[in-house]
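Below you'll find the structure, written out as structure tokens, and then a few comments.
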Amino acid sequence: MRIAVVHGPNLNLLGVREPDVYGTATLDDVNHALAGLADELGAVVEPFQSNSQGAILDFLAEVRGRVEGVVVNPAGLGHTSVALLDGLLATAKPFVEVHLSNPASRERFRRHSYLTPAAVGVVAGFGVDSYLAALHCLVNHLRRQRGADPGETPPGRG
Ligand code: DQA
């Protein structure tokens with residue numbers, strides 16, 4: 001099972017960017033932890049970060065045929081971008097929205113996300129663990145979906 005992981009703008013600066021809010025783990029640390037968990041779960045992650053929305057949309061269009069789901073930290077784009085929502089919907093794959101911080105407990109403008117209504121779920125406020133929980137939950141979700149389809153491998157076997 002292949003899962004795309006999208007990190008939005010400024011997440012390349014994890015570890016040095018507002019560490020009191022986002023923690024001290026770097027983007028490499030996050031991707032490394034995700035790869036380790038994916039391995040344990042029998043999945044593979046394909047991480048991608050860009051500060052450019054266009055590059056993220058191109059990545060989503062490119063991977064749509066080879067991934068079963070998407071874990072996405074939209075960063076600031078979640079609060080502003082219909083285009084990112086449309087790019088995720090165009091993959092026709094389930095996605096989980098992730099935030100390191102808990103945007104609902106911060107400034108008012110962070111309380112709205114264009115992605116949330118279309119996400120399978122949202123994990124926020126747990127730092128790197130938000131990503132790990134999101135990956136775990138998405139894999140379980142996809143396995144349950146497969147199990148519900150009689151033509152597919154039952155949960156835990158694929
Ligand atoms: C963030 C929260 C967003 O509000 C912010 O713009 C980010 C990071 C998070 O992971 O907590 O860049 O998505």
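Just so you know, ligand 1 is whichever comes first in the structure, and atom 1 is the first atom listed for that ligand. Position 1 is the first residue of the sequence; numbering continues from there.
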- Message: Between His7 and Tyr131, does the ring-ring contact (aromatic ring centres under 6.0 Å, His included) criterion hold? Intermediate values first, please.
- Response: CA-CA 10 Å; His7 307 281; Tyr131 281 95; 5.1 Å; yes

- Leu37 CG to Leu135 CG distance, which is reported to the nearest 0.5 Å: 5.0 Å

- Task: Output all residues satisfying side-chain hydrogen bond (donor to acceptor under 3.5 Å, both in side chains) with Ser81, sequence neighbours left out; order by chain, then residue number.
- Result: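 Gln53.
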
- Task: State whether the side chain of Arg110 and the backbone N or O of His79 hold a donor-acceptor pair below 3.5 Å, judged by distance alone.
- Result: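 No, the answer is negative, given that no donor and acceptor are paired below the 3.5 Å cut-off.
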
- Item | Whether Lys93 side chain and Val70 backbone form a donor-acceptor pair below 3.5 Å | no

When you check ligand 1 against the protein, what N or O pairs turn up below 3.5 Å? List the atom names and distances, or just say none.
unit_1, atom_1, unit_2, atom_2, d
ligand 1, 4 (O), His79, NE2, 2.7
ligand 1, 4 (O), Arg110, NH1, 2.9
ligand 1, 6 (O), Gly76, N, 3.2
ligand 1, 6 (O), Arg110, NH1, 3.1
ligand 1, 10 (O), Asn73, ND2, 2.9
ligand 1, 10 (O), Leu100, N, 2.8
ligand 1, 11 (O), Leu100, N, 3.3
ligand 1, 11 (O), Ser101, N, 2.8
ligand 1, 11 (O), Ser101, OG, 2.6
ligand 1, 12 (O), Arg17, NH1, 3.2
ligand 1, 12 (O), Arg17, NH2, 2.9
ligand 1, 13 (O), Asn73, OD1, 2.8
ligand 1, 13 (O), His99, ND1, 2.8

- Message: Do the side chains of Glu62 and Arg66 get close enough for a salt bridge, i.e. N-O under 4.0 angstrom?
- Response: yes

